[in-house]
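So the structure is just underneath, and the comments pick up after that.
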2 protein chains.
Amino acid sequence: MGIFVEGATLDGGPAGLRIEHGLIAALGPDAVPEAADERIDGAGTAIVPGLVNGHTHAAMTLFRGYADDLPLMEWLQKHIWPVEARLDDDDVYWGTRLACAEMIRTGTVRFWDMYWRPGAVARAVTDAGVRATIGPPLLDGGDPARIDEVRRAAGEGLAEIEANASPLTAPSLAPHAVYTVSPDSLAWIAAESERLGIPVQIHASETEQEVDDCLAAHGLRPVELLDRVGLLSPRALLAHAVWIDENERELIASSGATVVSNPVANMKLAVGRIFDLGAAREHGLPVGLGTDGAGSNNSLDLFSDVKHFALGQKHLARDPAAGAAPQAMAIARGELAPLLGATPLEVGAPADLLLVRTDRHELGVGALDAGLVYAASGGVVDTTIVAGRVLMRGGVVDGEDEILERARERGRRLGLLG
Amino acid sequence: MGIFVEGATLDGGPAGLRIEHGLIAALGPDAVPEAADERIDGAGTAIVPGLVNGHTHAAMTLFRGYADDLPLMEWLQKHIWPVEARLDDDDVYWGTRLACAEMIRTGTVRFWDMYWRPGAVARAVTDAGVRATIGPPLLDGGDPARIDEVRRAAGEGLAEIEANASPLTAPSLAPHAVYTVSPDSLAWIAAESERLGIPVQIHASETEQEVDDCLAAHGLRPVELLDRVGLLSPRALLAHAVWIDENERELIASSGATVVSNPVANMKLAVGRIFDLGAAREHGLPVGLGTDGAGSNNSLDLFSDVKHFALGQKHLARDPAAGAAPQAMAIARGELAPLLGATPLEVGAPADLLLVRTDRHELGVGALDAGLVYAASGGVVDTTIVAGRVLMRGGVVDGEDEILERARERGRRLGLLG
């Protein structure tokens with residue numbers, strides 16, 4: 001018994017969609033249901049791939065709205081890190097569930113997470129039914145003598161993820177940044193990522209200060225340092241990559257690493273530059289899109305962020321054709337960065353997809369992608385399906401009320417909510 | 001018999017709200033209903049002022065998604081103007097109704113409109129129940145010999161608005177821009193605005209090209225020209241004002257004119273600059289926020305645009321405290337520009353207000369304004385009330401399905417929709 005979506009459209013024409021065993025079994029005008037299939041009425045909707053959030057800290061939904069309008073380091077050091085030190089597994093579990101509910105509601109089917117207590121993250125992801133690549137944060141304060149802490153955190157983090165693993169989860173290593181992890185530790189992490197064949201995700205070149213400090217400490221720019229320690233590879237995901245120069249773009253390009261832009265968080269923290277998509281694509285860099293955490297965005301709605309991304313590119317290039325809708329949507333779907341793990345919308349692939357409402361005039365008279373970028377928010381998503389499972393129908397995520405209540409309890413426990 | 005909203009909050013504390021004869025009759029912890037009042041359950045919501053959209057072309061909802069990713073002049077001349085030449089009253093009426101439905105759903109209670117067939121706009125506004133200041137577009141192609149066309153268009157436009165006037169509508173004059181209206185006509189419009197005591201709204205300094213052309217044609221920058229012809233006054237609304245210099249800011253400030261920023265349209269059309277709120281406020285300029293038309297945004301959701309506005313200010317100032325949430329929300333509510341006509345949330349004032357959902361964790365743990373700017377979209381609006389009339393409850397605008405269907409018919413008639 002499978003699922004059959006009837007009455008929807010695909011690429012502007014009528015199409016059926018049949019899902020069985022989590023996979024797309026039939027798709028197109030000729031797709032027909034089997035007798036035992038559960039039917040889903042897709043009238044007024046289009047079948048589109050789900051979105052991939054390439055960089056977030058999901059459980060930070062607990063901190064949404066806590067200390068806005070502050071610079072990055074002050075926000076981290078005075079506000080976020082002190083609270084994070086008090087987090088327990090249940091905090092992270094319910095914060096992540098809340099993030100998953102928001103992402104499911106707004107069309108994200110897969111995300112890349114970097115957060116404490118990754119076992120709790122893995123459990124939340126599996127219970128929510130969405131896909132995620134999860135990484136334990138690794139830091140040594142820039143002190144190579146503390147490399148054992150990094151090794152231990154990596155081992156324990158991966159063991160936690162493994163203990164809570166499911167077909168929806170994947171492990172990774174997540175060194176925080178060049179200003180919080182020493183080159184020795186970065187080199188060890190790079191080797192470990194290669195040995196285990198798992199991705200490594202890191203914040204890189206988010207602020208000018210980071211570049212200046214890295215030059216002062218190591219005589220190298222951040223991406224040059226990552227290259228030197230062997231961290232750049234097709235398994236590497238660099239979040240932000242705002243303050244990179246031509247040589248760094250070339251290093252990333254020749255390594256096959258992926259960059260993930262977080263336009264809203266960059267602007268909210270006023271890092272002073274817009275990620276340069278034109279230059280990145282000239283070098284052939286794989287590019288993805290992320291929301292960053294709800295502490296610095298403060299939304300996890302990629303349909304909102306893709307508009308910020310596209311508009312930023314037009315502004316930067318001073319060209320209204322830059323960041324055009326089809327390219328922006330391809331990036332939001334993870335289609336321009338194979339590492340991110342987007343699944344194609346085709347027979348035999350995992351059924352990770354959305355039904356978006358096309359019967360709303362807000363989407364406009366033009367191409368669907370343009371409507372999704374410029375006119376839509378996550379509210380356009382009617383149905384979210386991941387691994388063949390219907391996680392959301394008609395804007396309502398199963399169990400969201402309980403998730404919200406439990407997350408509120410955790411917020412009160414942490415003294416963040418009255 | 002009035003309306004009584006119970007169970008909601010105001011400024012974080014419990015409050016009742018009583019509305020009678022379109023006005024706020026009681027508001028606060030001590031407000032009590034009268035026996036015959038219609039009760040509205042406000043549990044889980046906060047009472048906040050409605051938003052004011054300071055610049056739009058409402059009926060352009062018909063063109064949403066038509067010819068995206070193009071420069072301003074190519075978009076206008078090759079795509080928009082040819083279709084606009086074929087518009088009739090019913091097109092404008094239903095396009096405006098569709099815009100009003102979207103604005104009501106996303107929390108806008110009042111807007112400033114500049115569009116053809118302003119009588120149809122006035123009728124649509126009144127039928128929708130929202131407030132608007134409406135202006136007939138005035139152009140002479142920069143040829144002073146065509147001033148009679150401007151006089152006739154002004155007279156006919158104001159007569160049309162008058163013939164369809166209601167307590168919700170207000171008339172204005174809307175010269176298009178310095179590159180489409182001659183100084184002679186601008187001077188006549190300025191005098192007419194003074195004689196009639198009505199506002200005058202104009203696009204000003206949207207692009208660098210406009211400034212260069214104005215300097216070449218008149219030896220003056222656009223705002224200097226507007227000053228020279230006597231158009232700057234407390235009745236004047238300048239849309240965009242992106243490419244203005246210090247002297248122009250001073251001219252605007254000393255005149256008492258209002259500037260309205262349209263951050264999304266400016267970025268989408270890649271005008272190359274971000275409106276400088278810090279400089280404007282240093283000069284004490286009244287500032288409002290607009291979406292511009294759905295052809296160049298493509299959304300009319302001010303709760304989305306206020307985030308773009310705030311983030312743009314942080315980026316421009318390279319200061320995360322710039323465009324802070326309380327200031328950004330005050331601007332979106334029209335509170336920093338008296339001309340825009342925002343009504344205060346207080347006893348005796350017209351009941352133009354919203355109930356926004358605060359029981360969603362997306363709004364976060366901090367101040368409500370920060371949640372509304374950084375985490376919310378228009379979907380946060382539960383109830384929209386204008387002049388004491390409930391226009392939307394629970395996200396559903398009365399009659400929206402018919403409006404959508406009729407707008408689609410108009411789009412098909414115009415050849416914009418298949």
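Convention: sequence-line order gives letters A, B, ...; per-chain numbering from 1.
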Just so I understand: if I count every heavy-atom pair under 4.5 Å between each of A322(B), G378(B), G295(B), A375(B) and chain A, which residue has the most? A375(B)

Among the options G366(B), G379(B), A376(B), pick out the one with the most heavy-atom pairs lying under 4.5 Å from chain A.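 Answer, by heavy-atom pair count under 4.5 Å with chain A: G366(B).
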
Could you look at I274(A) and say if it's the side chain, the backbone, both or neither that has a heavy atom under 4.5 Å from chain B?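 For I274(A), heavy atoms of backbone and side chain both lie under 4.5 Å from chain B.
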
Region of V271(A) that comes under 4.5 Å of a non-hydrogen atom in chain B: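 The backbone, not the side chain.
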
With a 4.5 angstrom heavy-atom cut-off, could you sort out which part of A325(B) is near chain A: side chain, backbone, both or neither? both

Please classify the contact between L70(B) and chain A as side chain, backbone, both or neither, with a heavy-atom cut-off of under 4.5 Å.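 Contact with chain A: backbone only.
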
To see if you've got the definition right, give the donor-acceptor pairs under 3.5 angstrom between chain B and chain A.
residue : atom : partner : partner atom : Å
R64(B)  : O    : V365(A) : N            : 2.6
R64(B)  : NE   : H361(A) : O            : 3.3
R64(B)  : NE   : E362(A) : O            : 3.1
G65(B)  : O    : G366(A) : N            : 3.4
D69(B)  : OD1  : K314(A) : NZ           : 2.6
D69(B)  : OD1  : Y374(A) : OH           : 2.4
D69(B)  : OD2  : A325(A) : N            : 3.4
R105(B) : NH1  : E362(A) : OE2          : 2.8
R105(B) : NH2  : E362(A) : OE2          : 2.6
E208(B) : OE1  : R318(A) : NH1          : 3.2
E208(B) : OE1  : R318(A) : NH2          : 2.6
N297(B) : O    : K307(A) : NZ           : 3.1
N297(B) : OD1  : K307(A) : NZ           : 2.7
N298(B) : N    : Y374(A) : O            : 3.2
K307(B) : NZ   : N297(A) : O            : 3.1
K307(B) : NZ   : N297(A) : OD1          : 2.7
H308(B) : ND1  : H308(A) : ND1          : 3.3
H308(B) : NE2  : H308(A) : NE2          : 3.4
K314(B) : NZ   : D69(A)  : OD1          : 2.6
R318(B) : NH1  : E208(A) : OE1          : 3.2
R318(B) : NH2  : E208(A) : OE1          : 2.5
A325(B) : N    : D69(A)  : OD2          : 3.3
D359(B) : O    : R408(A) : NH2          : 2.7
H361(B) : O    : R64(A)  : NE           : 3.3
E362(B) : O    : R64(A)  : NE           : 3.1
E362(B) : OE2  : R105(A) : NH1          : 2.8
E362(B) : OE2  : R105(A) : NH2          : 2.6
V365(B) : N    : R64(A)  : O            : 2.6
G366(B) : N    : G65(A)  : O            : 3.4
Y374(B) : O    : N298(A) : N            : 3.2
Y374(B) : OH   : D69(A)  : OD1          : 2.3
R408(B) : NH2  : D359(A) : O            : 2.7

Among L316(A), L62(A), V264(A), which has the most heavy-atom pairs under 4.5 Å with chain B?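 The residue among L316(A), L62(A), V264(A) with the greatest pair count is V264(A).
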
Of all the heavy-atom pairs spanning A270(B) and P320(A), show the shortest one and how long it is. CB-N, 3.5 Å

